[in-house]
Amino acid sequence: MTPNLLVLGGTSEASDLARELASRNLQATLSYAGRVARPRRQPLPCRVGGFGGVEGLASYLRDNRITHLIDATHPFAAQISRNAVAASALAGVPLLALTRPPWKPQAGDDWLEVPDISAAVAALSGPAQRVMLAVGRQPLAAFAAQPQHHYLLRVVDEPESPPPLPNHSLVVSRGPFTEAEDAALLRRHRISLLVAKNAGGRGAVAKLTAARSLGLRVILIARPPLPARREVESVEAVCAWLDHGASTETVAERGV
Ligand code: NAP
């Protein structure tokens, strides 16, 4: 059967994979949630928007005769990743996750690692500080429980409604950023504390290396738990799976 891939994207890793698949002339579609107004141009056909839960994704896989499902979404995009595991089993389409190891503290880092957003909010109790809040748009409201801080927010698109934090500065800018750019941003806004998700990978690491170089404290939020699934950490490993493993893989082998 001719391979026909669906790649769940929205990350630099998915864009790297899209380039490689296109260069191999493989039939593949890249899927975006539709959170960003103007997604990056891609060398593959793209579709945009949710599938309608597990059933919707399983139907999409069947209706479009998808042979391989690749989850290259962000490690904090837990819902779509859980849906991918369930839909892969429902539709009998092998699933591979392209992910990245979490960041680990290095010499010079001053990190407080917390399990989730509510623990990060709790860790912000205390006197007012200037905080860079690099957690994406969705969890911002939770930080209104610590209104004493001035929050620096960086977003890809100008928000339609003001962020739900009384005291903030907004920077509209699309990454990836360099360490020098992020160090300049942190200095310009006189930031003393960074709150970030432990995304791993290279696309968003600059703010952490910048915080290290400036000696800033960091509250780092751990990834949400995901069901067992087959995972790799490089585009080459995805290609090896396509070349050697996936075509012969049975449903029983998934989830390893
Ligand atoms: P999420 O909470 O896991 O997913 C919520 C719903 O959005 C899913 O149930 C699905 O809707 C839809 N969805 C998510 N990713 C999709 C995709 N690639 N293609 C089609 N539908 C998708 O997701 P999220 O955290 O909001 O992230 C959304 C997107 O932004 C993902 O593509 C992710 O890679 C990217 N992103 C997320 C973060 C982050 O911190 N969460 C950071 C950078 C990039 P249905 O149930 O209707 O199918």
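Just follow the structure's listing: the first ligand is 1, and inside any ligand the first atom is 1. If you read the sequence from its start, that first residue is 1, and numbering goes on from there.
- When atom types are taken as modelled, the side chain of Asp71 and the backbone of Leu95 share no donor-acceptor pair closer than 3.5 angstrom.
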Residues 42-57 side chain polar contacts: donor-acceptor under 3.5 Å, at least two apart:
residue	atom	partner	partner atom	Å
Gln42	NE2	Ser15	OG	3.0
Gln42	NE2	Tyr32	OH	2.9
Arg47	NH1	Ser31	OG	2.7
Arg47	NH1	Gly49	O	2.8
Arg47	NH2	Gly49	O	2.8

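- Near ligand 1, residues Gly9, Gly10, Thr11, Ser31, Tyr32, Ala33, Arg35, Arg47, Gly49, Gly50, Phe51, Gly52, Gly53, Thr73, His74, Phe76, Ala77, Ala78, Gln79, Ile80, Asn83, Gln138, Lys197 come within 4.0 angstrom through at least one heavy atom.
- Remark: side-chain polar atoms of Asp157 are paired, donor with acceptor, to backbone N or O of Ala37 under 3.5 angstrom.
- Applying the side chain to side chain contact (heavy atoms under 4.5 Å, CB included) rule to Pro105 yields the partners Asp109, Trp111, Glu113; only residues at least two apart in sequence or on another chain are considered.
- Among residues at least two apart or in separate chains, ring pair (Phe, Tyr, Trp, His ring centres under 6.0 Å) pairs with a member in residues 151-208 are His149-Tyr151.
- Formation of a donor-acceptor pair under 3.5 Å by the Thr11 side chain with backbone atoms of Thr73 is not found in this model.
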